[in-house]
Amino acid sequence: MSSWIAWPSRVPPEVPVPEYNNAFIIAAFAVTWLAVIGYGLHLRRARQAAEARVQSARSALGGGA
Amino acid sequence: MESVVNRAATAAPMASREVRWTTVGVAGLVLLVAAQVYGVLTSPPDRDMGHLQKIMYVHVPAAWNAMLAFLLVALASLRYLWKGRLADDLLAASAAEVGMLLTGLTLALGMIWGKPTWGIWWTWEPRLTSTAVLFFMFVAYLILRTFVDDAERRAQWSAVVGLLGALNVPIVYMSVRWWRTLHQMQSSPMTLDSSYTWPLRANAVALMLLMAYAVAHRYRSALMTQTADELMDRLALKGTPGGSRA
Amino acid sequence: MPATAIPLNPDPGTLALLADGVTRRYGRRWALRGANLAVRPGEVVGLEGHNGSGKSTLLRVFSTLIRATSGRASVLGHDVRERPDWVRGQVALMTYHPGLYDDLTARENLQFAASMLGRDASGIDAALDRVGLLRDGDERVRTFSSGMQRRLSLARLLMQRPRVLLLDEPYNSLDRQGVALVNEVVAEVVRGSEGGAALIVLHDRQSAGSLLDRVEVMFQGRVEGQAEPELPSASEMLAELAS
Amino acid sequence: MSWRDDWRRVRAVALKDLTAERRSKSGLNAVTFLGVLVLMLFGFALGPDTESLREAATGAIWLAILFSGVLAFNRSYQLELDGGALEPLLLYPGSRWSIFAGKLLANLAFVGLVELIVIPVALVLFHVSIPDAWAAQLGVTLLGTIGFVTLGTFYAAMSSRSRSREVLLPLLLFPMMIPVLLGAVEASTSLLEGNVMRDAGAWIRMLLVYDVVFLAAALAVFEFVIEV
């Protein structure tokens, strides 16, 4: 595994860690959840469209099939 | 060509499969929340990055699962070319859609991580650059699908495009890596501290479950649409002895 | 059940062409909706029908150019989907496109065909002579009239030495001698080769003259009947379908 | 069908394409002109500074080739589509990969001719003197061109027969071209600079692998692309 992901390494307890850039952390998680929920909605819409199509096909075929 | 109509007629096993996939989806969602909370609360801040390290828990799983989605596209494409079943093409398309989302997410998160860490939004790093290439290939694949009307032609063409794209991914990765190492010294690889591994793994598994659910869900919607089309075909061919599929 | 020439349980081995319930969809439109047709060796069969009734599509299915969405088609007893390459060696398709290269001369076009077919070039002059283009052999096809282009594609067809002819409106833009030439070639192929047969899409039955053994009529993607049919009107047909 | 038959078909397709191209002429001139135009634009974009021009030369050459070459590939199938010639072409019995191989050879010749003009013009415009290792440079150019033309000819078989072909071809082709671009540019640059601190050999091997992989893959799956 190489560098750029900046794999977190040792954690020296005595070094005080600067608390910066919380906005970026929040943004990252927010974007992730936006993607998860957004795609979930897309999935539901696709399913509804598919079901509607099956329904209309069935009814066009005369209820049965 | 198999008949999706006949498959849909056996509704009972289909329904139980649906329940099983829903379980996977719910489990993935719950695990994702749990793993994120666990990771954010328990893992100590990194020496250099501080709490920014926590972006890793969403970024790296997205990248891993994007690769997985691409593998799925390649395998489904290969199987389509081998067996000629239209369902495999729909599976490849479903995986490609989820893969495009995941590569897009990986890129967005990479930027969000890069800006505070290095002060730049974009870095020409092999992994990130390969992911970008992968993203473009997913997009091209999905655009190709919208440009072709005939189902069989669309399936054959996109299977071929998916397969060639899969061949290209390792070559792109290697070439970008060489390109980078030639241009600047690569920083020494670091080992991941054990306090980060478990949250990372849990997050990756959670996202994988969600991805599997999403692909399965999208795939079944596509199958349903095809079922509807086949029912309409029956109508169009009503009373024809040749109406049954060969 | 539409009246067709298909015998019950046709043995494809004894037929030059067989379509059994062939369907073909383009996007959402059905070009063929279960076409049945049988052509015996030695037969010359005409195919008539409105525009869009599926005649050209059926010819293309037989030629392996288009795959049937469902159903079965065979040429000289071999399934077009299972042995496409063999079938391509037996049939010749002539469409309304001449299918020539405009910037090549007539002779070069035939030379290309000869190379692709694995024939030597010695037959080219004879073929050109046969279609009356020997003097124009070194002219570019771009300068040809449409009748001359059609003659040239007939010359290519001759070089192919097919056993089964699939001709899509072959008389278009041909003069009287051209029409006679087409008929000569058809007769030659059908009588001259074992299992030879021809399926000809036509609008004008006069041109084929006494060549035709029978005429089949297509309507809305099916072969609906033989000889002089009273075509049912579209609305009647739809009413029947809806019932 | 023996290999000899296949080779005769390959040669026939290539000769036919090249003859048609030679007779119509306008295509090669226009494409070459576009390549030179792209080079000019790069010159303006990079500024008159000799040093920066020289550094960017190989990259500019390859982008000019990519942009002009992509126009050639659809043309090669347009030739078949215009008079309905694709149908008889597909109806000749025998292997279909030979059609692809023939078109590939013709396109290689076409792009090679474009390069014959574009590269010398670039050397002049970007103040690059002919390098000592010019033979190796030619080899790199050839390897890069083979990879580019292979996939270009392959994807054009699809794009030329689909809607909005003008967009589709670069969309499919360019992401696949990244290894070729990197390999060719890096190898050329390192050769130009006398191979200092760089290893042209690794890039050349990469290009070689790329060409072999995609040539084999394209020949193997071309049947699926042209079949329906």
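Predicted model, so just to flag it, every value in this text is computed and none were measured.
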The interface call for Gln55(A) against chain B, heavy-atom contacts under 4.5 Å, is neither

If you measure from CD1 on Ile55(B) to CD1 on Ile25(A), what distance do you get to the nearest 0.5 Å?
6.0 Å

Using residues 22-29 of chain B as the side-chain source, report each donor-acceptor pair under 3.5 Å to any protein atom, sequence neighbours left out, with the distance given to one decimal.
residue	atom	partner	partner atom	Å
Thr22(B)	OG1	Glu18(B)	O	2.7
Thr23(B)	OG1	Val19(B)	O	2.7
Thr23(B)	OG1	Arg20(B)	O	3.4

Check step by step if side chain to side chain donor-acceptor pair (under 3.5 Å) holds for Arg47(A) and Ser221(B).
CA-CA 5 Å; Arg47(A) 174 59 53 89; Ser221(B) 295; 2.9 Å; yes

With a 4.5 Å cut-off on heavy-atom pairs, point out which of Thr225(B), Ile112(B), Val40(B) contacts chain A the most.
Ile112(B)

Side chains of Gln36(B) and Trp33(A) in contact at under 4.5 Å (non-hydrogen atoms)
yes

Under 6.0 Å from the CE atom of Met174(B), do we count more than 12 heavy atoms belonging to anything else shown?
yes

Neighbour count above 12 (heavy atom, 6.0 Å) for Trp122(B) CH2
yes

Give the minimum heavy-atom separation between Ala228(B) and Ala57(A), together with the two atoms involved.
O-CB, 3.6 Å

Is any side-chain heavy atom of Arg53(A) closer than 4.5 Å to a side-chain heavy atom of Thr227(B)?
no

Under a 4.5 Å heavy-atom cutoff, which of Ala214(B), Ala108(B), Ala63(B), Ala62(B) has the most pairs with chain A?
Ala214(B)

Sequence neighbours excluded and cut-off under 3.5 Å, please list the side-chain donor-acceptor pairs for residues 91-105 of chain B, or say none.
residue	atom	partner	partner atom	Å
Ser94(B)	OG	Leu90(B)	O	2.8
Ser94(B)	OG	Tyr219(B)	N	3.3
Glu97(B)	OE1	Arg218(B)	NE	3.2
Glu97(B)	OE2	Tyr39(A)	OH	2.8
Glu97(B)	OE2	His42(A)	NE2	2.8
Glu97(B)	OE2	Arg218(B)	NE	3.0
Thr103(B)	OG1	Gly99(B)	O	2.9
Thr103(B)	OG1	Met100(B)	O	2.9

